[in-house]
Amino acid sequence: MTNITLPDGKTIRFEKPVTGSQVAEKISKSLAKQALIMSVNGELKDLYHIIKEDSSVKIITAKDPEGLEVIRHDAAHIMAMAVQELYPGTQVTIGPVIENGFYYDFARKEPFTSEDLNKIEKRMSEIVDKDVKTKREVWEREKAINHFKKIGEKYKAEIIEGIPKNEELSIYHHGETWHDLCRGPHLESSGKIGKAFKLTKVSGAYWRGDSKNEMLQRIYGTGWANQKDLDTYLKRIEEAEKRDHRKLGKEMNLFHFREESPGSVFWHEKGWSLFQKLVDYMRDRQKKAGYKEINTPEILDRSLWEKSGHWDKFGEHMYTSTTPDEKVFAIKPMNCPGCVQVFNQGLKSYRDLPLKMSEFGKVHRYEPSGALHGLMRVRAFTQDDAHIFCTEEQITEESLSVTNLILDIYKDLGFKNVILKYSDRPEIRVGDDKVWDKSEAALLKAVKATKLEYTINKGEGAFYGPKIEFVLRDAIGRDWQCGTLQVDLNLPERLGATFVDKDGSKKVPVMLHRALFGSLERFIGILIENYAGKLPFWISPLQIVVIPVSDEFDKYASEVVGKLRNVGLNCEVDLKNHNLNYKIREHSLSKVPVLLICGKKEVDSDSVTIRELDNKKQENMKLKDFIKKYSALNQASLN
RNA sequence: GCCCUUGUAGCUCAGCUGGUAGAGCAAUUGAUUUGUAAUCAAUAGGUCCGCGGUUCGAGUCCGUGCGGGGGCACCA
């Protein structure tokens with residue numbers, strides 16, 4: 001007698017032990033058809049697993065996240081099977097499920113080409129059609145190791161050797177010819193995978209993820225429950241490609257990169273205008289929040305970096321320069337040591353704290369060539385940096401005020417969806433554990449006070465203190481880590497920063513590092529992708545183009561531009577010998593938010609006709625009203 | 001840094017197995033004077049990423065360097 005309790009609380013009674021398939025069959029024919037795997041007392045099992053005792057069982061279909069995962073996992077297996085059929089001698093390693101799909105890492109001398117991918121995909125399809133049965137076996141450890149060694153799968157053998165001795169080793173057979181070591185569960189047969197998968201790319205990947213090991217070939221695939229989901233996913237990828245800031249940056253004439261300085265931006269007039277607009281805005285916000293802006297040298301003597309600890313901990317990422325007199329300088333990769341030097345000038349009292357010093361510091365970091373990626377990962381960038389010198393007691397309050405400022409600024413720029421990542425002490429760290437206790441608690445208190453969603457990343461703090469990272473979600477659901485707030489229990493002491501406390505004794509202040517955008521360059525990349533290039537009016541580098549209907553109205557159009565420039569709007573007049581349609585198309589494609597059309601009607605009535613981007617409706621307005629309305633829109637606070 | 005891939009006009013790209021470069025758009029000039037997403041025509045435009053090699057001959061094949069792209073590793 002086996003009692004099976006279903007998720008809705010109902011119990012089905014079976015005379016004998018049963019399989020998941022039998023349970024599903026009992027519930028309904030359609031469920032039996034859709035069933036992929038099952039969960040028995042919370043453990044995922046194959047459908048053909050025999051349940052011997054009373055259990056609560058949930059039949060899992062493609063609608064459940066676990067179901068989709070199994071589809072992907074099986075697709076990975078079938079891919080490996082197809083690869084080994086097509087390319088004998090290829091060794092398999094690991095093949096997990098990942099977000100949106102799966103991959104499998106192979107060891108093979110010859111590289112896989114994109115044609116190979118097509119072939120493999122086709123073979124996978126054939127295997128699905130054949131609907132080969134899956135069979136699970138439990139093997140004895142030595143047998144498994146010897147077996148895989150014998151058939152030349154040294155990576156598999158190595159994996160098994162690393163599995164704890166008390167763990168059960170299951171081998172899954174797919175059809176008569178292919179098998180793999182796997183924890184499972186798996187689908188009953190290959191037909192259940194369906195055809196909603198696609199191999200997407202090949203790449204290199206280190207064995208066990210360690211760059212000291214040999215490089216394997218990884219084939220990525222995406223897999224879904226049905227064709228519709230696959231299509232939706234592929235569409236989303238396409239949409240992301242359309243928004244690529246590298247493409248848009250070129251099209252919109254914002255910036256370029258070139259061989260002479262990989263990873264450094266050549267800002268064009270329009271891109272720089274956007275950059276400056278953000279800086280102006282930040283300056284204004286920080287001033288109002290009580291920050292004092294400073295600026296420190298780009299090049300500083302080696303000795304300072306040795307004192308700060310950067311030379312040791314960050315040396316391989318630093319650009320250095322030796323002067324003709326053999327002195328070694330480093331180009332700053334961070335602003336903090338410079339800022340502490342400014343703090344150290346003059347005697348500071350507890351009355352000066354918290355002291356907030358901001359700096360738009362340009363830093364250089366020698367990033368590995370393979371890491372570079374448009375504006376998102378560069379070797380030279382500008383931080384909207386600030387350092388807050390305060391007492392331990394002030395950590396929570398200051399952190400909270402930084403957090404509020406960040407959230408408010410993100411909101412102004414159109415990002416309302418923000419989550420926090422809190423990281424506490426890492427294994428290797430400096431400072432007394434008691435101080436860590438205090439600063440972690442203080443920072444966590446601030447995190448909780450925001451009432452925002454947050455994750456705790458254990459042990460991922462900086463070696464000098466705990467930190468919060470601000471992750472914003474963009475218009476198409478991608479997460480970007482931007483701002484950061486770090487408590488520093490180390491640097492002020494190393495660089496001899498002190499203040500005179502109430503009792504007259506000298507104390508070392510706590511330092512908070514914070515950046516809101518993180519890197520201006522990167523943030524601009526995120527902005528471009530978030531808005532697909534259609535930036536909000538107030539930061540748009542070219543806000544308005546005035547178009548005369550014919551050259552008869554060139555003079556009026558030029559006058560309008562003059563007046564708009566006078567109130568600080570970025571605008572151009574288009575006097576080219578093209579017709580109106582052509583100009584509207586051209587400027588719309590280059591994403592100018594507002595076009596003003598001027599013809600006889602407008603000249604006669606001292607007005608302009610407004611056409612906003614992506615809005616075919618036109619509106620005629622007196623020029624002075626237009627100026628009033630749009631110069632107001634030019635302020636962030638009104639957006 | 002590592003694996004794969006890629007580099008042709010300002011831009012997007014074509015150029016089969018080696019035989020001295022081609023299109024569309026942009027630019028320039030001329031015509032047209034246009035009322036809401038491409039008016040017509042003509043002209044000009046190239047160290048085919050750099051260096052070396054094979055060859056009678058290299059954009060094309062080989063080697064190497066640099067850059068770009070996709071991943072891996074890295075992101076203090």
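Reminder, nothing fancy here: chain letters follow the sequence lines and each chain counts from 1. As the structure is a prediction and not an experimental result, all values here were calculated from the model.
In this structure, B:U17 makes no Watson-Crick or G-U wobble pair, since no nucleotide meets both defining distances under 3.5 angstrom. Across all strands shown, B:C51 forms a Watson-Crick or G-U wobble pair with B:G63, both key distances being under 3.5 Å. The pairing partner recorded for B:C72 is B:G1, the criterion being a Watson-Crick or G-U wobble arrangement whose two distances lie under 3.5 angstrom. Pair check for B:U39 finds B:A31; Watson-Crick or G-U wobble, both atom distances under 3.5 Å. Across the strands present, B:G45 finds no partner; the criterion is a Watson-Crick or G-U wobble pair with both atom distances under 3.5 angstrom. As the counterpart of B:C25, B:G10 is assigned, both hydrogen-bonding distances of the Watson-Crick or G-U wobble pattern falling under 3.5 Å.
As rounded to the nearest Å, B:A58 and B:G52 have P atoms that lie 13 Å from one another. Comparing the P positions of B:G7 and B:C13 gives a spacing of 11 Å, expressed to the nearest Å.
Residue contacts shown for A:Pro368 include a base, since a base heavy atom lies under 4.0 Å away. In this structure, A:Leu216 reaches neither bases nor backbone, as no heavy-atom distance under 4.0 Å exists between it and the strands shown. A:Lys201 comes within contact range of the sugar-phosphate backbone alone, with a heavy-atom separation under 4.0 Å but no base atom that close. Residue contacts for A:Phe463: at a heavy-atom cut-off of 4.0 Å it reaches the sugar-phosphate backbone alone, with no base atom in range.
The base of B:C74 lies close enough to the side chain of A:Arg377 for a donor and an acceptor atom to sit less than 3.5 Å apart. A:Tyr206 contributes no side-chain N or O that forms a donor-acceptor pair with the base of B:G71 under 3.5 Å.
Between A:His373 and B:C75 there is no side-chain polar atom (N or O) within less than 4.0 angstrom of OP1 or OP2. A close approach under 4.0 Å does occur between a side-chain nitrogen or oxygen of A:Arg246 and OP1 or OP2 of B:G69. Side-chain N/O atoms of A:Ser211 include none lying less than 4.0 angstrom from OP1 or OP2 on B:C72. Under 4.0 angstrom from either OP1 or OP2 of B:U12 there lies at least one side-chain N or O belonging to A:Lys250. At least one side-chain nitrogen or oxygen of A:Tyr582 sits closer than 4.0 Å to the OP1 or OP2 atom of B:A26.
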Quick one, A:Asp424 with A:Lys458, criterion salt bridge (charged side-chain N to carboxylate O under 4.0 Å, His left out). Give me CA distance, side-chain angles, the key distance, then yes/no. CA-CA 6 Å; A:Asp424 60 11; A:Lys458 277 239 155 291; 2.8 Å; yes
Step by step, would you call A:Phe275 with A:Val265 a side-chain contact (heavy atoms from CB on, under 4.5 Å)? CA-CA 12 Å; A:Phe275 190 108; A:Val265 191; over 6 Å; no
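The nearest whole Å value for the distance from the CD atom in A:Glu241 to the P atom in B:G69 is 13 Å.
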Contact state string [nucleotides 30-36 of chain B, B base, S sugar-phosphate only, - no protein heavy atom under 4.0 Å]: -BBBBBB
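Using modelled atom types, one finds no donor on one side chain facing an acceptor on the other under 3.5 Å when comparing A:Glu469 with A:Ser423. A side-chain N or O of A:Glu214 and one of A:Tyr155 form a donor-acceptor pair less than 3.5 Å apart.
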